[in-house]
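Sequence lines set the chain letters: A, B, ... in the order given, protein chains first and strands last, and positions in each chain run from 1. Since this is a predicted model, take the numbers as computed values, not measurements.
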There are 2 protein chains.
Amino acid sequence: MPSDHPAAASTTDAPVRRRDLAVARSLDSARVRSEGRVQRFLDAGFELLASAESGKEFTVQEVVDRSGQSLRSFYQYFAGKHELLLALFDEAIRSTADRLVEHVARETTPFDRLHCFVIEYYKMCLPALNGHASKNNPTPVMAEFCHQLLTAHQAEASRAFVPLVTLLEKVLEESVATGVVRPGLEHEDAAGAILSTIMFNAAYAPTISGTSEPRDRDQGADQMWEFVSAGILAGSPT
Amino acid sequence: MPSDHPAAASTTDAPVRRRDLAVARSLDSARVRSEGRVQRFLDAGFELLASAESGKEFTVQEVVDRSGQSLRSFYQYFAGKHELLLALFDEAIRSTADRLVEHVARETTPFDRLHCFVIEYYKMCLPALNGHASKNNPTPVMAEFCHQLLTAHQAEASRAFVPLVTLLEKVLEESVATGVVRPGLEHEDAAGAILSTIMFNAAYAPTISGTSEPRDRDQGADQMWEFVSAGILAGSPT
DNA sequence: GCCCTAGGGAGAGTCCTGCTCTCATTTGGC
DNA sequence: GCCAAATGAGAGCAGGACTCTCCCTAGGGC
């Protein structure tokens, strides 16, 4: 099944894109068409996520209609709705990681890069104000699916998160090397801990607290940074 | 509407229990029977959550069968599956809060209480090793539903979390008063931030990191405390 | 003890949605 | 131009939430 076509031979470090997996089902010359079709499904998916009101999942039929293709084609490229969601999730995370790379690259010191990462990632995880979404700002539906993955399909979830995790690990490593972060942060789950903290705080902390008025984005981001960087204690920790 | 039945009068003085709402649909003399029926549905729900393999939701029919009652009765007491889940979620959080109260009460200083809260809550949020669950250790299914609530039904989620939030706020307040925690932690979302950090770290950090082997519970809890209390920086935060 | 009504059990029926299958048509390579 | 593969159109199946109807039982009033 694995094709030797360049596009299918994924780069060493990062795992295969789900999108490419779907494309790879087709043969070589037809690849362009296939990519086009797959992409149209993905686009339709993102559009539906974007326009959906809070909490409402799209149906496969909607994706099919919107993409102007047929149910049959859909199931030719995707094993099921789950795989489409997975591909969308994949893309969303990649896109997030890419944008973070850009942001972080502008900073000069390890500390600044770490700070930048936290601030910007937080902002990206903040639910969109209008309730709408884009590839860069997935809706609640995506968040929900994220959970489904994290709980019921851990392996797939891990794979999808790789781009983000490796980026943060790199940033973190630098900081550890220069002594900016405290010792004891080298354990392998540090990156996951920080990511999940930021992500879920952005998404849910206000709801859990029962705070209704949306906080100021920048203020929230600053508080996030303080929390992540300095913790909650006043003096030296016991 | 609140019943004076001992079993219904539990812990915190928070909002109305979902279960009682359901019970209240019936008249007074029939209350005992009603409570019994509702409770049987709840019990069946918990049992099914406990025995379900990862990621598989129970069906209403299963709940009905297991409780030895009829579909008709189910819809007489619950407006839908959603409401049952909500009631279960409610109970689970209450139970968690109750147990935390007990734990925290054993400690003597504000600092110890804070520390105890973080450690114990973390452990409670840890997924059960065997994949099974109880009222005190909800399964992935419950976690997933938690997300559904947090995204699509924020008001209900906020209400459900009240017992936990108020408890932590109390503990936190003490610590602020005695100067144990740094200033700036009085903002109203602090409790939510800490809760979500602990909860989701326990549940997801290893998966996001791609760590497969389960960490030692106590070690994880200690790391969690360090992270929450001391943050990640080495020296004084900028 | 008897009747009468409300509550509850059994289970068929509806609707929605993910998913499969068939058949006819189109499309691209030769 | 021909053939095989790809695609579209749409009927059909399965499972699960929810509704409804029919009937039985139990419990209170007499």
Side-chain angles (χ1 to χ4, degrees), chain A residues 1 3 5 22-45 48-49 52-53 55-88 141 144-145 148-149 152-153, chain B residues 22-45 48-49 52-53 55-88 141 144-145 148 152-153:
Chain A
M1 216 62 82
S3 152
H5 187 281
V23 167
R25 299 232 169 99
S26 230
L27 279 86
D28 209 70
S29 69
R31 164 138 354 216
V32 185
R33 264 183 308 155
S34 294
E35 280 225 44
R37 289 182 183 283
V38 168
Q39 193 59 51
R40 270 156 72 197
F41 283 126
L42 290 177
D43 290 345
L48 286 169
L49 282 184
E53 64 257 37
K56 191 175 170 292
E57 275 215 12
F58 57 70
T59 112
V60 172
Q61 193 58 51
E62 286 171 332
V63 172
V64 163
D65 291 346
R66 177 154 212 133
S67 75
Q69 296 170 96
S70 75
L71 203 54
R72 183 158 189 314
S73 287
F74 180 86
Y75 284 102
Q76 184 152 23
Y77 290 110
F78 296 93
K81 188 183 182 182
H82 181 80
E83 287 225 353
L84 172 63
L85 286 169
L86 199 45
L88 292 174
V141 176
E144 210 176 291
F145 178 69
Q148 243 178 68
L149 277 191
H153 307 272
Chain B
V23 166
R25 298 229 171 102
S26 231
L27 279 84
D28 211 69
S29 71
R31 163 134 340 162
V32 184
R33 264 183 307 156
S34 295
E35 280 226 43
R37 291 184 179 283
V38 168
Q39 193 59 51
R40 271 155 74 196
F41 284 126
L42 290 177
D43 290 345
L48 285 168
L49 282 183
E53 66 257 34
K56 194 175 167 291
E57 275 214 13
F58 57 71
T59 132
V60 171
Q61 193 59 53
E62 286 172 331
V63 172
V64 164
D65 292 346
R66 178 152 211 135
S67 75
Q69 296 170 98
S70 74
L71 205 53
R72 189 178 186 290
S73 287
F74 180 86
Y75 285 101
Q76 183 153 22
Y77 290 108
F78 296 93
K81 188 183 183 182
H82 181 80
E83 286 225 352
L84 172 63
L85 285 168
L86 198 46
L88 292 174
V141 177
E144 210 176 293
F145 178 70
Q148 244 177 70
H153 307 272

Spacing between [X] atom [atom1] and [N] atom [atom2], to the nearest angstrom:
| X | N | atom1 | atom2 | value |
| --- | --- | --- | --- | --- |
| A/Glu62 | C/dT17 | CD | C1' | 10 Å |
| A/Lys81 | C/dC19 | NZ | P | 8 Å |
| B/Gln76 | C/dA10 | CD | C1' | 15 Å |
| A/Phe78 | C/dG18 | CZ | C1' | 15 Å |
| B/Tyr75 | C/dC15 | OH | P | 16 Å |
| A/Phe41 | C/dC19 | CZ | P | 13 Å |
| B/Gln61 | D/dG15 | CD | C1' | 12 Å |
| A/Tyr77 | C/dC19 | OH | P | 18 Å |

Is the NZ or CZ atom of B/Lys81 both under 6.0 Å from the centre of the six-membered ring of B/Phe58 and within 45° of that ring's axis? yes
At a heavy-atom distance below 4.0 Å, what parts of residues 64-72 of chain A sit against DNA chain C? A/Leu71, A/Arg72
With sequence neighbours excluded, residues passing side chain to side chain contact (heavy atoms under 4.5 Å, CB included) with B/Asp65: B/Gln61
Is B/Phe58 touching bases, backbone alone, or none of the nucleic acid, heavy atoms closer than 4.0 Å? sugar-phosphate
Please confirm whether the shortest side-chain N or O distance from B/Thr59 to OP1 or OP2 of D/dG15 is below 4.0 Å. no
B/Ser73 side chain near C/dG7 phosphate (N/O to OP1/OP2, under 4.0 Å): no
Gap between atom CZ of B/Phe41 and atom OH of B/Tyr77 - 0.5 Å precision: 8.0 Å
Nearest 0.5 Å please: distance from the CD atom of A/Gln76 over to the CD atom of A/Gln69. 10.5 Å
Who passes salt bridge (charged side-chain N to carboxylate O under 4.0 Å, His left out) against B/Arg66, sequence neighbours left out? B/Glu47
What's the closest nucleotide to the side chain of A/Val60 if the choices are C/dG8, C/dC19, D/dC18? C/dC19
Tell me, do B/Tyr75 and B/Val60 make a side-chain contact under 4.5 Å, heavy atoms counted? yes
Compare every heavy atom of A/Leu42 with every heavy atom of A/Leu88, then report the nearest pair and how far apart it is. CD2-O, 3.5 Å
